[in-house]
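Structure first, then comments.
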Amino acid sequence: DKAAVDIRMSLRLNPKVAHAHYNLGLYYLKVGQYELAIKSLDVAIKKVPFIGEFFFARGEAYQAWGEHEEEAIRDFRKAHELGFRVRSKG
């Protein structure tokens, strides 16, 4: 997949960029690779622990993976604490 290749190339060029890890996590979430999504989002959160959107995305990955409801709720709460709000579509 070209998107994954582009994101991985970005990470090779600058592995310290939290948003590249976040984008890779979103990609893995989209294609149903939840464990890899969580790992990528863990890295993003470790690098920049004050962006609510990162926590929200990891919460979505935990929720989609199943059997991880507590982790999902924890991340959704943290995202909310950090000021992240889900925008309604429409």
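Not measured: the values here are computed from a predicted model.
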Set of side-chain hydrogen bond (donor to acceptor under 3.5 Å, both in side chains) partners for Y27, sequence neighbours left out: none
Inter-residue atom distance D75.CG - E60.CD, 0.5 Å rounding: 10.5 Å
Are L26 and L36 linked, directly or through other ILVMFWY residues, by side chains that come within less than 4.5 angstrom of each other? no
Taking every heavy atom of G52 against every heavy atom of A79, the minimum-distance pair comes out as O-CB, 3.2 Å
Are I38 and L29 linked, directly or through intermediate hydrophobic residues, by side-chain heavy-atom contacts shorter than 4.5 Å (ILVMFWY only)? yes
Out of F56, F50, F76, which residue meets the ring pair (Phe, Tyr, Trp, His ring centres under 6.0 Å) rule with F84? F56
Quick check on the hydrophobic clustering: are V48 and V17 connected, directly or via other members, by side-chain heavy-atom contacts under 4.5 Å? no
Cluster check Y62, I73: I/L/V/M/F/W/Y, side chain < 4.5 angstrom: no
Under the ring-ring contact (aromatic ring centres under 6.0 Å, His included) rule, collect the residues that match up with Y34, sequence neighbours excluded. none
Closest approach of G25 and A37, non-hydrogen atoms and distance? O-CB, 3.4 Å
Anything under 30° is parallel, anything over 60° is perpendicular, the rest tilted; go ahead and classify H19 against Y22. perpendicular
In the structure I gave you, are the side-chain heavy atoms of K78 and R58 within less than 4.5 Å of one another anywhere? no
Over all heavy atoms of both residues, which pair between L41 and F54 is shortest? Give the atoms and the distance, please. CD2-O, 4.3 Å
Whether over 12 other heavy atoms sit under 6.0 Å from H80 NE2: no
Looking only at heavy atoms, the pair that brings Q63 and A72 closest together is N-CB, 3.8 Å
